[in-house]
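A short worksheet on the structure shown next.
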Amino acid sequence: MSKKQKKMLIRILISAVMLVAFSYVPVTGMVRFGLYLIPYLIIGYDILIKAAKGIKNRQIFDENFLMAIATIGAFALAVSQQSGEYTEAIAVMLFYQIGELFQSYAVGKSRRNISELMDIRPDYANIERDGKLERVDPDEVDIGSVIVVQPGEKVPIDGIVLEGTSSLNTSALTGESLPRNIRAGDEILSGCINMTGLLRIQTTKAFGESTVSQILDLVENASSRKSKSEDFISKFARVYTPAVCIAALALAILPPLVRMLGMGMAAQWDVWIYRALTFLVISCPCALVISIPLGFFAGIGGASNSGVLVKGSNYLETLSKTKTVVFDKTGTLTQGVFEVNGIHHNALEDARLLEYAALVESSSSHPISKSLQRAYGQEIDRSRVTDIQEIGGNGIIAKVDGMEVAAGNAKLMERLHIPHIDCHKVGTIIHMAIDGQYAGHIVISDRIKPSAKAAMAALKKAGVQQTVMLTGDAEAVANQVADTLGVDQVYSELLPAQKVERVEALLAHKPSGAKLAFVGDGINDAPVLRRADIGIAMGAMGSDAAIEAADVVLMDDDPMKIAKAIRISRKCLRIVYQNIVFAIGIKLVCLALGALGIANMWLAIFADVGVMVLAVLNAIRALFVKKL
């Protein structure tokens, strides 16, 4: 409990004790009024100050104004009637503050859950200097520096392991409890906890661009992007509050005037003013204003706890309506780990053809190019390569040792008018030509992610009606992957711009109200991620551009998490709608009872504080998503 919450608890206890004690003191008149004024001011002085500031700033109609008017009015009625019954006025303020304390604790708890979950910000990085470890601020570590992470410490910056083997606790990033083993040569993400061995890591990013910083930025900024439901509640409160104030004023004035002037009866001002004050207390929109944002906040926290980062409640709401999920293939449904599986019809030795392919592709960062370089296995002398020309969607032409070497797909061979031999194997085929003569082709295959097939089934179970795969790969490769996974539709041999066009066509033909999600991981996926209704990026191995463009980030690159994210979003929206219907429904019933004189101040307290407490308790359920 925070200091502020502790102070409020003390005020509540003091006020409650004084209220009970004064009920046994045999005094009347102004002395009794003065005694009861003490606990009232102790428990309500901050509400009165906020109400006064609201009036001063011309922002009158809020819950503080309603509470102040209702309780001051109750005091005034007791004084005018000389009844000495000040208990209700103090009780209204007392129970309102109890509700506020409960709400503050609930919000604080959900924030702490997220803070603990995201407690991955490293306090320092270890730099080895003169044989000793020196702690420095992670912001001071340059790209390419070597840092040391000891057992039990957080990895402060993304990098490559140079030395050491260890197990990593990645639960804060991925939501997974199983440790991940790591060794020299492996990539390592900041925010993980080193559990066993000592690691020497060469940093590949600055601290501000590392995974840990990106995650913290996403979580901290998530609340700034409001959903339509939250916007509705904000607009509703702006109209609702002045409307009920006017209705309360009319309730206090019009019935007595009608009774007095139109019916020749006693006006009963005190009765109708009391009903109007009760009406004001009942009308306070706390349950809606507090529980709806809290429900979304808890939903974002629950998703984060499962390794799914949602950048705002508006995206959570959109995700809940997803009916079509479109996947990029490489790195999303497949591991993006390409391997050379064969060299066919080569006019040269296998090693020689592979050497030329690796040299031509040496300037590219594409996974296929990297696989050729790994298969070659030797240091590449880039001085041998000149006049590099990359042809989008076709391949690369360059001069190697003065010879013109072309490496690419069948389209490149057709473009160069070079007869080629089609491959009978399924995979990515790199056709090679040297000085205009066909030299053979290299077969490269990617591995399907172990959970990809189960992810397709989970999406169908979660209510997704259509799954689509887009890829630049050849039709045979794309169809094989789609058939293996059970994808509904597949579009192959697409350039990046054509992927955008295909998504736009799918968007144009989707059912009204349904949303389309696109899942990708590469730089070339960024435009499609932005164009889709909801963009989902692979966070562990995905590019910075994809993570920046996406609305949702999967921290462990597991496609199974997409279905879970959809289920979490739908649970969150169910809770939000439950709270909207419950809070408005109870309010309307109690307002009618208050206007008819059936409800007194005690029912008003339930309608205000009780409904708020129940709505907040319901909202917190969105945090618990482990079994979804």
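These numbers were taken from a predicted model, which means no experiment stands behind them. As a basis for the values below, the full set of heavy atoms in this structure was taken, side chains included, without hydrogen atoms, waters or symmetry mates.
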Treating [X] as the side-chain partner and [Y] as the backbone partner, does any N or O pair qualify as donor plus acceptor under 3.5 Å?
X: D186; Y: I182; value: no
X: K499; Y: T471; value: no
X: D328; Y: G520; value: no
X: R183; Y: S166; value: no
X: N194; Y: G197; value: yes
X: H509; Y: A505; value: yes

Residue pair [X] / [Y], side-chain donor-acceptor N/O under 3.5 Å:
X: D533; Y: T318; answer: no
X: T203; Y: S145; answer: no
X: E361; Y: S369; answer: yes
X: Q498; Y: Y491; answer: no
X: D158; Y: T204; answer: no

Beyond-backbone contact of [X] with [Y], side-chain heavy atoms, under 4.5 angstrom:
X: L554; Y: I536; answer: yes
X: V552; Y: V308; answer: yes
X: F327; Y: V487; answer: no
X: N409; Y: I429; answer: no
X: I380; Y: Q373; answer: yes
X: M432; Y: V405; answer: yes
X: E134; Y: N126; answer: no

Side-chain ion pair, E339 and R374, N-O less than 4.0 Å | no
Not counting sequence neighbours, list each pair that qualifies as a side chain to side chain donor-acceptor pair (under 3.5 Å) and has a residue in residues 393-403.
-> R384-D401
For H345, check ring pair (Phe, Tyr, Trp, His ring centres under 6.0 Å) against everything at least two apart and list the hits.
-> H441
Give me the ring orientation class for H431 and H420: parallel if the planes are under 30° apart, tilted from 30 to 60°, perpendicular past 60°.
-> perpendicular
Any salt bridge (Lys or Arg N to Asp or Glu O under 4.0 Å) pairs touching residues 476-495, not counting sequence neighbours?
-> K460-D488
